[in-house]
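Every number for a ligand or one of its atoms is a count from 1 in the order of the listing.
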Amino acid sequence: MCGIFGYIGPNNVVETTIKGLKKLEYRGYDSSGIAGIHDGKMLYNKQVGKISKMEAEVEQEGLELDIAIAQTRWATHGSPSRENAHPHFNNGQTLALVHNGIIENHSALRDMLLKKGVVFHSETDTEVIVHLISDLYRGDLLKAVMAALPLLKGSYALALIHRDYPDQIIGVSHESPLAVGIGIGEMFLASDLHAFTGSAREVIFLDSGEVAVVKKDGYEIYDSMMSPVSKESRELIGKAEEVTRGKFEHYTLKEIFEQPQALRSALSARCIDEYGTAKFDSLDIEMSELLGVKRIIILACGTSYYAGFIGEYMLEEIARIPTQVEISSEYRYKNPIIPNGTLVIAISQSGETADTLAAFRELKAKGATVIAICNVHDSSIAREADSCLYLRAGIEIGVCSTKAFTSQVAVISLFTLLLARMRHLSRDDGQVFLDQLKKVPDHVDAVLQQADAIQALAKKYAQCENFFYLGRRYMYPGAMEGALKLKEIAYINANGYPAGEMKHGPIALINQDCPTVALTGDQYTYEKILSNLMEVKARQGPVIAIAEEGSEGIEEIADDIIWIPSTRDEFSVIPATVACQLFAYYVALERGTEIDQPRNLAKSVTVE
Ligand code: M6R
């Protein structure tokens with residue numbers, strides 16, 4: 001989850017490195033550090049908190065470096081502290097190293113190194129790597145690195161420098177991405193492409209097990225046997241996308257408001273109105289194979305899992321293909337049976353989620369075809385899948401996913417339509433489906449126009465410490481997503497539940513201080529959820545309904561209502577979750593929590 005960055009080149013090394021590192025701050029932001037070599041000395045600065053704190057310190061002390069590596073941390077082993085912040089050093093402070101990932105056998109390695117007299121300064125798993133390399137160093141740094149790697153168990157992307165080699169950075173990738181950025185007379189290393197925005201012109205992705213030796217004017221790449229590997233660099237497409245908050249107080253709010261546009265772009269040029277179907281230019285799978293799909297497994301985590309859950313309902317109901325959505329972190333440790341005709345869909349905004357990547361690699365190895373649904377171009381999942389259906393939502397900076405979620409649902413809807421039309425769904429029904437889907441951006445607009453009213457509602461309930469979010473069918477994953485938003489940014493305990501399950505236990509928690517947000521837009525189960533809400537009311541629980549215009553009977557039950565436009569059950573979850581996003585945002589604002597970078601979280605979850 002941490003972000004790592006390295007720079008060697010003619011520009012101001014400290015400034016360039018910190019600028020690049022800041023673009024990775026979404027990966028973790030509890031501490032940061034930079035180390036480099038200047039006039040033969042190893043110099044560094046580490047701070048707890050955001051990168052800007054380290055930047056201010058570095059500026060004040062006038063740090064100058066000729067080469068640098070840096071890291072922004074999301075703590076795994078050891079609390080966020082200066083000692084645990086990266087870079088870590090060997091005892092002589094000749095070698096500095098930054099790491100993203102986890103070293104699973106760090107305890108055994110630490111014991112072994114302690115016996116050799118090594119002194120440790122942190123609680124991190126990372127520190128063992130730097131001491132191990134140092135212990136194996138006999139004057140040839142690459143050889144020492146190569147000798148250390150087979151002793152490490154786990155996932156790691158590393159960047160390291162040594163005082164004896166003041167003109168080179170070594171980068172290592174092992175089940176954790178690392179890219180080499182190529183400029184003119186300058187080179188970069190970063191744990192993701194995004195850090196190169198506005199700097200490198202070309203990029204090379206290291207494959208797992210590869211090691212790069214990067215110098216100002218060139219690079220060499222080696223495989224795990226230390227044999228040179230020749231790799232083609234790729235041009236970095238797209239202009240530097242400098243994203244700002246514009247008139248919005250937070251990126252999260254800006255991204256919530258970008259949803260009509262993001263949805264339009266997800267649908268753009270993918271709808272074939274005449275035939276009531278969909279197409280994806282990037283879908284590189286034979287139609288005959290798609291026709292032969294007998295079963296679908298959707299893999300995802302967090303918000304993407306909830307989008308996948310909606311996909312499960314849709315693919316079964318509309319395309320009539322047995323579908324199962326799975327939480328990647330659990331699925332990766334199953335030994336599933338993958339019969340012929342199984343299609344895997346991996347959903348991930350970042351395309352770097354370690355659990356999803358591991359689960360889908362396993363299924364790929366078992367012979368399944370994998371389609372990715374990702375937002376980030378050239379991310380690991382997008383690159384490794386057989387095809388990638390991009391969200392086109394634009395970069396999502398807020399750690400709490402908003403526009404990516406609704407775009408994921410839109411892309412899954414189109415994919416469902418494509419599969420359904422290849423089977424039994426009539427052209428007329430396909431056209432109705434498309435027609436309704438294309439109206440969703442306007443429905444979202446209608447919800448956004450109620451932002452002031454939703455803010456007032458958020459103020460009314462902001463002091464409550466427990467919430468339920470209820471829904472049925474399509475609204476059940478919507479309820480879980482709504483609850484997740486409130487947890488993530490307002491730090492409030494919120495449980496997303498299928499409304500029918502309340503009576504089986506959770507209803508014991510209902511009282512006048514525990515509001516229920518009810519997503520009632522699923523018309524097929526509308527009467528049923530009304531009864532469930534009556535049961536909540538009977539126990540003095542306040543009810544905030546997110547209901548479709550024209551819904552009858554809800555006004556008699558709910559204390560407050562957010563009205564959303566009426567649409568098909570499959571799509572109603574989109575405006576409903578947008579209402580939940582706004583509600584969570586304004587509750588968080590009222591409570592004064594950190595919204596764009598909530599505590600303990602990271603945007604890209606690259607560790608298990
Ligand atoms: O990048 P991914 O979509 O694979 O990320 C999965 C989850 O980590 C992510 O959705 C997380 O739950 C978000 N912070 C939710 O807002």
Side-chain angles (χ1 to χ4, degrees), residues 1 3 24 26-29 74 177 191-194 250-253 255-256 259 298-311 325-332 344-361 370 372-385 388-391 393 395-409 411-412 469 477-478 480-492 494 496 577-578 580-585 588 593-608:
M1 333 257 274
L24 300 174
Y26 69 92
R27 283 172 160 257
Y29 34 80
W74 184 84
S191 44
D192 86 53
L193 210 59
H194 179 54
H250 293 96
Y251 283 106
T252 304
L253 188 62
E255 286 156 8
I256 292 173
Q259 287 176 107
I298 302 178
L299 300 171
C301 299
T303 286
S304 298
Y305 170 74
Y306 298 136
F309 211 136
I310 294 165
V325 62
E326 294 276 353
I327 291 182
S328 314
S329 55
E330 283 299 309
Y331 196 74
R332 63 183 290 187
V344 175
I345 303 178
I347 308 178
S348 173
Q349 186 286 131
S350 62
E352 298 295 350
T353 301
D355 287 318
T356 302
L357 198 55
F360 108 61
R361 277 180 183 152
V370 182
I373 296 181
C374 286
N375 198 30
V376 178
H377 274 261
D378 283 324
S379 54
S380 302
I381 293 177
R383 281 184 285 121
E384 289 188 33
C388 182
L389 314 181
Y390 283 107
L391 300 181
I395 185 165
E396 192 180 63
I397 304 264
V399 166
C400 154
S401 188
T402 53
K403 63 177 179 174
F405 172 76
T406 47
S407 300
Q408 284 165 343
V409 178
V411 170
I412 296 165
Y469 279 67
M480 291 194 286
E481 171 60 6
L484 181 63
K485 299 299 92 164
L486 198 69
K487 281 186 264 224
E488 279 188 294
I489 59 173
Y491 313 156
I492 291 177
T577 44
V578 172
C580 292
Q581 294 165 358
L582 281 174
F583 183 73
Y585 174 81
T593 50
E594 281 255 19
I595 295 181
D596 284 336
Q597 292 181 329
R599 71 179 180 205
N600 304 341
L601 300 183
K603 183 82 184 149
S604 190
V605 185
T606 57
V607 293
E608 265 204 75

Do Val399 and ligand 1 have an N or O pair less than 3.5 Å apart?
yes

Short list, please: which atoms of ligand 1 are under 4.0 Å from a heavy atom of Gly302?
10 (O), 12 (O)

Is there a nitrogen or oxygen of Ser401 sitting under 3.5 Å from a nitrogen or oxygen of ligand 1?
yes

Under 3.5 Å between some N or O of ligand 1 and some N or O of Thr356?
no

Does ligand 1 have any atom that is closer than 4.0 Å to a heavy atom of Glu352?
no

Which of the atoms in ligand 1, numbered in the order shown and given with their element, are less than 4.0 Å from a heavy-atom of Ser348?
1 (O), 2 (P), 3 (O), 4 (O)

Look at the aromatic rings of Tyr26 and His194 and report parallel, tilted or perpendicular, splitting at 30° and 60°.
perpendicular

Provide the number and element of each atom of ligand 1 under 4.0 Å from a heavy atom of Val605.
8 (O)

Below 3.5 Å, N or O to N or O, backbone or side chain included: is there any such pair between Lys485 and ligand 1?
yes

Verify whether one side chain among Ser304 and Gln349 offers a donor that lies under 3.5 Å from an acceptor in the other.
no

Just jot down the ligand 1 atoms closer than 4.0 angstrom to any heavy atom of Cys400, in number order.
16 (O)

Between Glu396 and Lys403, does any side-chain N to carboxylate O distance fall below 4.0 Å?
no

Any atoms of ligand 1 less than 4.0 Å from a non-hydrogen atom of Ser304? List them with their elements.
2 (P), 3 (O), 10 (O)

